[in-house]
Amino acid sequence: MMGRSKQSKGDDKAKKVSSSPWAQLKEEQKQPKLAKPVQNPQGTFETARGASALQNNDQSEEVYDVHDNEGPVVHGAASETQSELDKLSRESIDSTDQHEQGISPSLTKEFDAQVRPYIDLIDNLRAYGLDRDVGLPAVAVIGDQSSGKSSTLEAICGIQLPRGSGIVTRCPLELRMKCQREKYLNWGGKISYKDKHGNKQSKDIDTSESVEEAVKEAQDAMTEGEVGISEELITLEVTSPNVPDLTLIDLPGIARVAVEGQPADIGRQIKKLIKHYIQKQETIILVVIPSNVDIATTEALQLSQEFDPDGKRSLGVLTKPDLIDKGAEAQVLKAVNNQVIPLRKGYTMVKCRGQAAVDEKQTLKEAIQDEKDFFENHDKFRVLPQDQRGIPSLAKRLTVELVEQIKNVVPDLKTDVRKKLEDTREELRNLGDGLPLTEEGRQGVLLDIVSRFKDELKGLAKGEYTTNLGQELRLLTEVRRRFDTFGTAVEGMAPSEDDRYLMIDIKKQVANHRGRELPNFIMYPVFEALVRKVIRNMKDPGELCLKDVDRSIDIVLDKLCNKWFSRFPQIMGDVKTIVSALRVAAKATCETKLDEQFDMEDLIYTQDKTYLREIDILKEKHKKDEKKRSYMSQEYGKEDKEQQEAEHILDALNCYFTVCYRRVIDMVPMIIRHQMLGVLVNRIGIELTKFAANLANANHVVEDLGVMQKRAELRDRKNRLLRAETDLSRF
Ligand code: GDP
Ligand code: MG
């Protein structure tokens with residue numbers, strides 16, 4: 001990619017090739033070549049402890065001495081990745097002759113073939129912006145201010161990064177390193193970021209020396225003033241024969257106090273930013289800790305423990321071993337050996353350039369040699385095994401860890417991406433396509449939307465629901481529920497002997513009509529008055545039922561209007577007005593029809609055969625009662641007579657109630673359903689179609705800006721998810 005374009009300039013670049021750990025490795029690798037490692041039945045390779053020992057030559061004895069003297073050592077790399085690491089170390093040694101032929105010094109072709117695709121996969125996914133949708137594996141570098149983060153990073157990548165006191169790293173810096181295999185293609189760099197106005201910027205960088213300036217420039221363009229920080233990522237891609245295949249994110253240091261010009265809560269802001277990266281389970285946390293402080297007190301380690309309590313994603317780096325006070329080495333050795341604050345991935349010790357070395361213009365290449373000499377000659381630290389010391393080991397270690405992490409998350413990523421893609425497609429479908437440019441075209445879109453609105457409304461009114469529809473939108477179900485409530489209320493109005501007030505009322509009326517009665521006949525006017533009273537009572541629940549149904553419809557209409565018309569803010573208002581006017585009118589019609597129904601009930605009429613039969617039976621019973629009463633007239637007092645009369649009237653009332661209650665509990669819901677779910681729904685469809693067809697000026701069919709943006713965002717997301725899906729399908 002970047003490298004290829006530089007092909008022609010390759011030669012003079014070669015002179016500027018940065019120093020790096022790999023150059024150092026070149027020397028190291030001029031070691032006796034080992035026999036090819038034997039793969040064991042588990043598919044892993046035999047431990048390379050022997051290889052390290054061989055590399056260490058005379059130091060190998062001492063490595064084991066330390067372990068013997070200090071008991072079992074929880075080894076940093078005693079994890080699943082150990083075998084990978086071992087394999088890598090061994091292959092590095094094996095690759096010596098390949099290197100002589102011009103292949104990258106650090107890693108073999110085979111290893112490259114294993115590692116690069118995974119790193120590329122994640123780099124690509126991140127480049128598509130997929131990290132906005134799903135968590136992507138990364139190595140995030142955290143540490144207190146001036147703990148040596150940038151120094152460690154620059155040693156790994158061989159590029160001078162901005163340094164100084166105070167917060168120098170003000171934006172997260174994603175450093176993508178690609179080892180360039182073809183020797184003639186040399187150093188290539190590119191920086192990209194979004195400035196504070198949201199514009200994307202990117203710039204090719206020709207020499208590693210210009211990186212520092214470019215990063216500073218980017219930070220200035222992204223943040224306010226000279227000390228502000230930003231959450232946006234600066235991406236720095238580097239292709240070189242001298243870098244590992246690795247992507248790291250450098251984060252601003254944890255600041256304790258604000259310096260002049262910084263907001264007082266700068267510490268909180270930085271912590272928030274760091275948390276944003278390290279809280280993701282996919283992130284490997286590289287915790288940089290100076291060896292010359294008490295590691296337990298470092299904020300970085302506390303933060304990593306907070307977000308990775310088991311320490312399974314954290315890897316410790318102890319810097320500045322040259323600044324340790326005499327006598328404090330034993331304690332630091334314990335820390336490196338994972339005995340102070342244990343992390344599953346353990347610790348590595350590195351030594352970078354101190355300020356004096358920088359001032360003396362020590363190159364990074366020299367610094368790596370310096371580090372090597374330092375460890376080899378240090379009377380306390382030379383016992384450290386190779387994989388726990390030095391920038392080159394750390395770099396290899398990180399590559400292996402990162403690839404391991406990527407392999408772990410690929411299956412989940414696939415599932416995540418598929419699910420997100422489905423959701424995005426669904427959202428896009430609901431939003432509809434963008435608008436055509438011609439007036440007719442736009443009117444067509446509007447008519448189409450009206451028709452979809454209409455269909456959905458009709459479906460809801462008929463009880464045809466799609467799955468996962470909210471309760472409120474299940475219109476017919478809601479309405480039926482209200483009808484049930486109405487039915488129960490009316491049923492509960494059945495006249496009963498137990499109703500003391502009713503009996504008193506009946507008796508009172510019987511007394512009032514005394515003298516007008518015929519023998520053996522119930523007092524009709526009394527009966528009629530009582531029936532009307534019962535019917536009048538039924539009106540209230542009827543009206544309440546209509547009111548409730550109207551409210552349900554109102555909610556549904558509002559939701560549907562928002563769903564279908566919010567794209568067109570200029571039109572939605574009109575649509576809502578039309579729809580609500582129709583609804584109000586329908587409700588008024590419905591009220592009239594209900595009144596009519598209750599007026600009709602006042603006629604007190606039925607040809608219901610069951611009723612007539614029952615009434616005959618009642619008459620017979622009443623006659624018998626009458627006869628009984630005349631035989632035993634002495635025993636019957638006035639009160640008994642009234643009671644009996646009242647009971648007879650109540651019998652008749654009950655008989656008629658059964659008829660009219662059956663009529664009412666059916667008719668009222670039928671009228672409401674017919675008017676509100678039938679007539680109204682049809683009218684809405686017709687009127688909205690008319691409205692859309694007659695729209696004088698289709699220019700009103702203008703989409704809301706927010707909707708257009710939303711659609712554009714969704715399309716972007718869909719595209720990046722599709723690309724990710726394709727990329728992931730290869731794994
Ligand atoms: P950051 O704020 O964590 O990025 O820290 P820097 O990388 O900017 O380092 C802070 C200071 O510590 C610089 O002056 C470095 O030169 C110095 N430094 C970093 N690592 C070492 C080291 O291993 N030994 C010595 N002596 N100084 C170091
Ligand atoms: Mg820094």
Side-chain angles (χ1 to χ4, degrees), residues 21 24 139-175 211-212 215-216 219 227 229 234 236 248-257 259 262 266-267 270-271 273-274 277 285-293 295 298-301 303-304 316-326 328-329 332 335-336 347-364 366-375 377-378 380-381 384 388-395:
Q24 169 68 20
V139 179
V141 186
I142 68 168
D144 297 12
Q145 242 178 60
S146 292
S147 54
K149 294 178 298 298
S150 298
S151 303
T152 306
L153 275 186
E154 69 181 18
I156 291 176
C157 68
I159 303 166
Q160 173 100 39
L161 295 171
R163 55 158 63 218
S165 57
I167 306 169
V168 181
T169 310
R170 285 148 52 198
C171 311
L173 174 73
E174 183 194 28
L175 188 59
V211 167
E212 191 178 356
V215 172
K216 274 189 190 148
Q219 290 190 347
V227 282
I229 61 160
I234 302 178
L236 178 63
L248 298 167
I249 299 172
D250 185 18
L251 295 167
I254 304 163
R256 282 164 211 265
V257 280
V259 301
Q262 281 171 346
I266 189 89
I270 292 176
K271 271 193 197 154
L273 175 64
I274 293 174
Y277 283 90
I285 312 171
L286 189 67
V287 196
V288 177
I289 310 147
S291 312
N292 59 348
V293 302
I295 78 165
T298 57
E299 286 220 45
L301 210 50
L303 261 185
S304 86
V317 176
L318 289 161
T319 57
K320 310 190 185 180
D322 52 325
L323 299 183
I324 302 173
D325 287 340
K326 274 248 160 299
E329 291 97 340
V332 177
V336 191
Y347 292 80
T348 304
M349 180 181 274
V350 300
K351 189 194 93 68
C352 302
R353 292 186 301 178
Q355 199 51 50
V358 176
D359 294 344
E360 285 162 21
K361 304 248 175 315
Q362 185 188 60
T363 64
L364 287 163
E366 286 159 1
I368 292 289
Q369 183 58 44
D370 197 40
E371 184 193 41
K372 186 173 185 279
D373 295 342
F374 170 80
F375 282 120
N377 300 321
H378 198 283
K380 296 288 190 311
F381 297 141
L384 282 172
Q388 274 179 273
R389 71 185 207 201
I391 290 287
S393 308
L394 176 64

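Computed from a prediction, not measured in an experiment: that's the story for all the values here. Remember, it's 1-based here, ligands and their atoms both numbered in the order they're listed.
Considering backbone and side-chain atoms alike, Gln145 places every N or O at 3.5 Å or more from each N or O of ligand 1. Of the polar atoms of Cys352, at least one N or O is found under 3.5 Å from an N or O of ligand 1, judged by distance alone. Checked by distance only, ligand 1 and Gly148 come closer than 3.5 Å through their nitrogen or oxygen atoms. Of the polar atoms of Thr319, none of the N or O atoms is found under 3.5 Å from an N or O of ligand 1, judged by distance alone. Taking only nitrogen or oxygen atoms, main chain and side chain alike, Ser151 reaches within less than 3.5 Å of ligand 1.
For the pairing with Leu248, the side-chain contact (heavy atoms from CB on, under 4.5 Å) check across Leu173, Thr152, Val139 returns one residue only, Val139. Of the options Val293, Val288, Thr298, a side-chain contact (heavy atoms from CB on, under 4.5 Å) to Asp144 is made by Thr298 and by none of the others.
Residue-ligand proximity, Gln355 to ligand 1, at heavy-atom distances under 4.0 Å covers atoms 13 (C), 14 (O), 16 (O). Ligand 1 places these atoms under 4.0 Å from at least one heavy atom of Gly354: 16 (O), 25 (C), 26 (N), 27 (N), 28 (C). Residue Ser146 has at least one heavy-atom neighbour below 4.0 Å for each of these atoms of ligand 1: 1 (P), 2 (O), 3 (O), 5 (O), 10 (C). Residue Arg353 approaches ligand 1 through these ligand atoms, each under 4.0 Å from one of its heavy atoms: 15 (C), 16 (O), 17 (C), 18 (N), 19 (C), 21 (C), 27 (N), 28 (C). The distance from ligand 1 to the heavy atoms of Lys351 drops below 4.0 Å at these ligand atoms: 23 (O).
In this structure, Ile270 and Pro252 approach most closely via the heavy-atom pair CG2-O, 3.8 Å.
Assignment of Gly253 to the shell around ligand 1 is not supported, since no heavy atom sits closer than 4.0 Å.
The pair Asp250-Lys149 does not count as a salt bridge, with every side-chain nitrogen at least 4.0 angstrom from each carboxylate oxygen.
Under the rule for a side-chain contact (heavy atoms from CB on, under 4.5 Å), the partners of Ser291 that lie at least two apart in sequence or sit in another chain are Leu318, Pro321, Ile324, Val332, Met349. For Ala367, the side-chain contact (heavy atoms from CB on, under 4.5 Å) test picks out Arg353, Gln362, with sequence neighbours left out.
Counting heavy atoms closer than 4.0 Å to ligand 1, residue Glu154 contributes nothing at all.
Between the Asn377 side chain and the Asp373 main chain, a donor and an acceptor come within less than 3.5 Å of each other.
Atoms CD and OG, from Glu299 and Ser147 in turn, are 11.5 Å apart once rounded to the nearest 0.5 Å.
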